[in-house]
Every structure is written in C-alpha cells, then in structure tokens.
Amino acid sequence: MDELKILLSREEIAARVSELARQITADLRGEQVLFVGVLKGAAIFLSDLVRQVQLDATYDFIGVASYGNPRGPRQENVWDSTGEVRLTKDVEHSLRGKNVVLVEDILDTGLTLSFLKRLLLGHQPRRFCVAVLLDKPSRRKLAINADYVGFTIPDEFVVGYGLDYAEKYRNLPDIRVLPGVAAPET
Ligand code: IMP
Ligand code: MG
C-alpha cells in the first residue's frame, strides 16, 4: 500500500477527530446523544469519535446502498454515487425526541446524506446534526452541508480509515489517494 500517496496521516486524523469530539462535547453538553454511523465506511471514524466525546452517549448504525452501485464502482475506474439511494439496514433505536448525530465517512455529491437526513428527520428527533470526516464540496449535486467536517479535500478518490474501493483498503490506518479513479461527467 506504500505506493499510494498519503493525503491524511493517522496522526492528522487522530488530532482532528479529537477536535471534533471536543466541539461536539461542548455543543451538546449535558445532553444524551445518539450517534448513528453510516455503514460501513463510517465505522472507524465513529468508533474513534464516540470514545472521545464526553457525553452520555450511545450509538447505532444505518446502512445504505446506491442503485446501480451497490458495492463500489459501476465500471472499471469510474465511481458513481448518482444512483437512487436505498436503505439496507435501519436503525434499531427509536430516534423520536433524541439528540442525534449522524456520522458519515465522506460527503461527496450529497445524495446519500440528503436521503438519510430526510429519512431520519421523519423520526422527529429533538436535535439532529451531521458529522462527516471528509467533505468534497466540488462534487456536490445537492445543496447540503455537514455541521461538523473533519477535512475538506480536493476531488480525488481516497481510501483507508474505513473508506473503500470495491471493499478494499478499509483497514489502512492513513487516508490515501487511489490514482486513476475518475468521476463520471454528470
Ligand atoms: P454521496 O452520496 O455522493 O455524497 O456519496 C457518499 C458516499 O460515496 C460515501 O459514503 C462513500 O461511500 C462514497 N464515496 C464518495 N467519495 C469517495 C471516495 O473518495 N472514496 C471512497 N468512497 C467514496
Ligand atoms: Mg459510505
């Protein structure tokens, strides 16, 4: 894996995750909080984040997939999350009246987050906010932003720290650039 260029080292990620945890702790002080991680990419970010948040908290997971792109690239060297999003695993907790922080690995076109936000707001949480580790604003198709952003990154395909390419590379401790993976012109 050493040939893949490091975009964010494990040390940079750890430092930023600690900052996000401090911010969330300050913003939600005294509240009970339910973190909801989006499978599978956000699992590692969520586990690092929740262990540093000093709140009465618990967590759950939700799973989504895009039609036409269930497990990574649709065509070789092209990734695409333009498909319709569908739920593959619902949350187990009721979100009604809860303070919910949705935790996602990366905000790209915004389709996934828009779908999840609409779905989860339908549960009528008391408070709802979104934390993403990475944000690629240049790829946005829908006007949606996160309340907490770890890093804003350029339009490159990245892997590691939970992020995959066709299920590979999730366990890399640093975030690396996978070259030659281009976004479709849509
Ligand atoms: P969106 O619906 O286009 O915002 O896409 C969000 C999802 O696309 C993320 O949860 C990832 O699964 C995937 N994704 C987008 N960009 C990347 C990337 O650079 N590396 C790995 N997965 C990505
Ligand atoms: Mg994902």
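Ligands are counted one by one from 1 in listed order, and the atoms in each one are counted from 1 as well.
Short contacts between ligand 1 and L163, defined as distances under 4.0 Å to a heavy atom of the residue, involve ligand atoms 21 (C), 22 (N). Listed by number with element, the atoms of ligand 1 under 4.0 Å from a non-hydrogen atom of K136 are 16 (N), 17 (C), 18 (C), 19 (O). Listed by atom number, the atoms of ligand 1 under 4.0 Å from L111 heavy atoms are 2 (O), 4 (O). Distances below 4.0 Å separate heavy atoms of E156 from the following atoms of ligand 1: 19 (O). Which parts of ligand 1 touch E104 is read off a 4.0 Å heavy-atom cut-off, strictly below it: atoms 10 (O). Atoms of ligand 1 lying under 4.0 Å from any heavy atom of T109, numbered from 1 in the order shown and given with element: 1 (P), 2 (O), 3 (O), 4 (O). Of all atoms in ligand 1, numbered sequentially from 1 with element shown, those under 4.0 Å from a heavy atom of D108 are 1 (P), 3 (O), 4 (O), 5 (O), 15 (C), 16 (N). Near D164, meaning under 4.0 Å from any of its heavy atoms, are these atoms of ligand 1: 21 (C).
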Pairs of donor and acceptor atoms involving the side chains of residues 144-153, under 3.5 Å and at least two apart or interchain, shall be tabulated with distances.
| unit_1 | atom_1 | unit_2 | atom_2 | d |
| --- | --- | --- | --- | --- |
| N145 | OD1 | R140 | NH2 | 3.2 |
| D147 | OD2 | V130 | N | 2.8 |
| Y148 | OH | D27 | OD2 | 2.5 |

Please test E156 against K136 for salt bridge (charged side-chain N to carboxylate O under 4.0 Å, His left out), starting from the C-alpha separation and ending with a verdict.
-> CA-CA 8 Å; E156 295 197 89; K136 274 192 219 174; over 6 Å; no
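Closest to atom 2 (O) of ligand 1 by heavy atom, among D105, T112, D155, V177, is T112.
Between E104 and T112 the shortest side-chain heavy-atom distance falls below 4.5 Å.
Shown here is Q23, whose CD atom has more than 12 heavy atoms of other residues, nucleotides or ligands within 6.0 Å. Applying the 6.0 Å contact sphere to NZ of K89 captures more than 12 heavy atoms from other residues, nucleotides or ligands.
I6 and I44 are not part of a single hydrophobic cluster, where members link through side-chain heavy atoms under 4.5 Å apart.
Using 4.0 Å as the threshold, I106 has a heavy atom nearer than that to some atom of ligand 1. The shortest separation from a heavy atom of G110 to ligand 1 is under 4.0 Å, placing the residue in contact.
Ligand 1 has a nitrogen or oxygen under 3.5 angstrom from a nitrogen or oxygen of V158.
Between F157 and Y165, the two ring planes are perpendicular [angle over 60°; tilted spans 30° to 60°].
Evaluation of the side-chain hydrogen bond (donor to acceptor under 3.5 Å, both in side chains) test over residues 29-38, restricted to residues two or more places apart or in two chains, returns E31-N99, E31-R126, Q32-D56.
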